[in-house]
Structure formats: structure tokens, C-alpha cells
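Quick caveat, the model's predicted, so the values are computed rather than measured. Position 1 is the first residue of the sequence, and the numbers go up from there. What you see below is based on every heavy atom in this structure, not just the backbone, and it leaves out hydrogens, waters and symmetry mates.
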Amino acid sequence: MTATLVFHSGPDPFEPWRDALAPHLGEDVLIEKSDSVTDPEAVRFALVWMPPEGFFDRFPNLELVINLGAGVDRLVARKDLPDVPITRLSDPEMGRMMAGFVLFSVLRHAREIPHFQAAQTRREWSYRHPRAAQDITVAVLGLGELGAPAATEIARQGFDTHGWATRPRDLPGVTVHHTEAALPALSAKADIVVCMLPLTPGTRKRLDASFFDGLKPGAAFVNVSRGEVVDQEALVAALQSGQLSGATLDVFETEPLPTDSPLWDMPGVLITPHLASVALPKSAAPQIAANIRAVLAGRAVSNEVSRVRGY
């Protein structure tokens, strides 16, 4: 019996993924959209992004779950997740896409673009002399699969770049700090703070009121990780008080961001709909197919997620 790969993702169209995977899987694996599966017992593989509750209960013979992205926090927290290997995407294109978005965000604040946008609405020619990149300190919190290339790209542009991670790292141009005690001092001197922490039980609302109170007055904040890492009320309060001069926010505790959120109207705040980095079918298909073929051959998979760590 031909094995089936079931696909489910709200934001991603099925056809590009099917067409990208088919040449790598050939006739060994049938690729079907979740609402088109006619034989649930034939489904051995699932390629998913935030499927509905009870989704996995339909497929009793699953052997591998592939998360359609790098962040797996929502997936590993599910109660219906089967006891099979879970893998995440580790796609260089995702890293480049994220590094580009983070660099854009850092430059937005470093070059004071929110100030000029506000001046434009007033039809006001408001000149401010730019600061040299080397005089601007950027702190990247989280140096994982996406955080490390982002920090490296910021450093390549000449910024005084620091990173904070759970273990020592050696990244070109980046000064890495790796203890809990190092975070307050690092945060206090940063002009721009970039949150790239994974969401785990230990990082949920890790960036709270005390964190924002400890930042350098007038610092800017960028969040491209998960909204739940940040205490959103504390973030709003820091923006309202001027403790933060502005923010670039791609992720939120509730998505889509509710229309009554004060963040929508705050000066200096840019909101984007969780698009800093997305999986691309053509570049991700080879590694997905390689893991499927590993399971078919009885070999270990790559990029397996630790359910204990949550990443």
C-alpha cells in the first residue's frame, strides 16, 4: 500500500507544496490535502502548520510529523500529538529571509524612520543627523537557527552587536552573553533589542514589566519570535511612558491582533502579520523528502524536536 503524506496549513496553499515535493518522493508517497484524504489508515506522514484540535486522531498510523516552519511551540503543546518523531524545517532560505527582516527592523529604528514618517504626515521637513552604526548597540535575544544568522547580518552592517543565548556561541562580529545574570546589563545598554527567543515554559512572558523597566530609556524593541514571550500589557505601558521609543512587531499574543489593541495606533510602532520568515516550498522540499525517505528506510531523521526543551 502506498504511504500518504497529509498536508494541512491555513495560510499556505496546497498546490505549491505538492508540486515541490512530488519530484522528490515519486510514486512512493501520495501527497494529499487533509480534507481530501480518503484512506486515513494509509497516512504515515503529516506536514502541518497549526492543524485543528483532534487532527492527528484521524490518522492512527502516523510515523512522522513535520512542522511547516521553525517554531514548534504550539505543536508540541498539543494533547492529540502522537508519540512519533517531530521535525522542524531548517531551511537556509528561511534564515536569510528572517535576517533580512530583522536587519530592516534594526535599520528602521537606527535611522529613525518612525520620526520621518510622522513628520511626513505633518508635511514637515524634519532633519536629524544619522548616527554611525558602530555607535548603536543592538542586542539579539536568542541565537538559534534563525537568531544566529540575523545577529551575524546585523554585525556585518557595522553595528555594535551583542547576543544572548543559553550557551556560549562563536559568531563573527557578535559578542555573545550566555548567563541569566548577563541579561539585565546587556539590556540596559542596548539601543535596539531584538527578541528571537523560542517559546518554552521558561520563556513565556519572560520579557515582562521589569525587563522593559530595565532597558535603556528610549530604546527600540523588535519582536519576531512569539508574542507569548512578551507581556503585551507591559510592552504597551513601556511604549506609552516613552521608556520605549518605538517597536517593530511581527508576532502577538493573539493573532490576528485584535482591532481594539492600543498597539495599532501607537506612534513609532510598525505591525506586520507574522511574515518575517516563512517556509518556501522549493527550498524546503528536499529536506522534508529526505526525512520521509529516512523513515521509510528505518533510519533516524534530522532536525528532530525535543519535546522536553520545546524546540
Pair R206-E228, salt bridge (Lys or Arg N to Asp or Glu O under 4.0 Å): steps then yes or no: CA-CA 9 Å; R206 174 65 182 80; E228 296 93 330; over 6 Å; no
Between N303 and T87: side-chain donor-acceptor atoms closer than 3.5 Å: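 No pair is found: no donor N or O on one side chain lies under 3.5 Å from an acceptor on the other.
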Pair T4, D39: side-chain N/O donor-acceptor within cut-off below 3.5 Å: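 No donor-acceptor contact under 3.5 Å links the two side chains.
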Pair R131-E112, salt bridge (Lys or Arg N to Asp or Glu O under 4.0 Å): steps then yes or no: CA-CA 10 Å; R131 297 167 60 192; E112 299 189 73; over 6 Å; no
Short question: side chain of [X], backbone of [Y] - any donor-acceptor pair under 3.5 Å?
| X | Y | answer |
| --- | --- | --- |
| S187 | P184 | no |
| W17 | L280 | no |
| D160 | Q134 | no |
| T152 | A148 | yes |
| R88 | V72 | no |
| S277 | M94 | yes |
| N291 | V301 | no |
| T161 | F159 | yes |
| S261 | L257 | no |

Please say whether more than 12 non-hydrogen atoms of neighbouring residues, nucleotides or ligands are located less than 6.0 Å from [atom1] in [X].
| X | atom1 | value |
| --- | --- | --- |
| R167 | CZ | no |
| E27 | CD | no |
| R293 | CZ | yes |
| E233 | CD | no |

Is there a side-chain contact between [X] and [Y], using heavy atoms and a 4.5 Å cut-off?
| X | Y | value |
| --- | --- | --- |
| L107 | I113 | no |
| L68 | L89 | yes |
| D73 | R204 | no |
| V43 | N61 | no |
| F56 | V48 | yes |
| V140 | I154 | yes |
| F252 | V230 | no |

Trace of the side-chain hydrogen bond (donor to acceptor under 3.5 Å, both in side chains) decision for T248 with H109: CA-CA 9 Å; T248 301; H109 296 290; 2.8 Å; yes
Write down the atom of [X], the atom of [Y], and the distance for their closest heavy-atom approach.
| X | Y | answer |
| --- | --- | --- |
| L62 | P82 | CD1-CG, 4.0 Å |
| S34 | V6 | CA-CG2, 3.5 Å |
| D80 | D57 | CB-OD1, 3.8 Å |
| A300 | A294 | O-CB, 3.7 Å |

Verdict with supporting geometry, E15 and R18, salt bridge (Lys or Arg N to Asp or Glu O under 4.0 Å): CA-CA 5 Å; E15 289 77 11; R18 178 198 60 198; 5.0 Å; no
Distance in Å, E253 CD paired with D231 CG, rounded so as to fall on 0.5 Å steps: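 CG of D231 is found 7.5 Å from CD of E253.
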Joint cluster assignment, [X] & [Y], ILVMFWY side-chain distance < 4.5 Å:
| X | Y | result |
| --- | --- | --- |
| V224 | L146 | yes |
| M266 | L215 | yes |
| L235 | V229 | yes |

Show which side-chain atoms of residues 189-202 pair as donor or acceptor with protein atoms under 3.5 Å away, not counting sequence neighbours.
unit_1: D191; atom_1: OD1; unit_2: K216; atom_2: NZ; d: 2.8
unit_1: D191; atom_1: OD2; unit_2: T137; atom_2: N; d: 2.8
unit_1: T200; atom_1: OG1; unit_2: G202; atom_2: N; d: 3.3
unit_1: T200; atom_1: OG1; unit_2: T203; atom_2: N; d: 3.3
unit_1: T200; atom_1: OG1; unit_2: T203; atom_2: OG1; d: 3.4

Name of the residue among I66, I31, D12 meeting side chain to side chain contact (heavy atoms under 4.5 Å, CB included) with L47: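 For L47, the side chain to side chain contact (heavy atoms under 4.5 Å, CB included) test succeeds with only one of I66, I31, D12, which is I66.
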side-chain hydrogen bond (donor to acceptor under 3.5 Å, both in side chains) between S90 and E145, intermediate numbers included: CA-CA 7 Å; S90 178; E145 191 80 25; 2.5 Å; yes
Partner set under side-chain contact (heavy atoms from CB on, under 4.5 Å) for V251, not counting sequence neighbours: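 side-chain contact (heavy atoms from CB on, under 4.5 Å) list for V251, sorted by chain: N223, E255, H274.
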Non-neighbouring partners of K282 that pass side-chain contact (heavy atoms from CB on, under 4.5 Å), sequence neighbours left out: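 So K282 forms no side-chain contact (heavy atoms from CB on, under 4.5 Å) with any residue.
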F55 and H8 aromatic ring geometry - parallel, tilted or perpendicular at 30°/60° bounds: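 Rings of H8 and F55: tilted, 30 to 60°.
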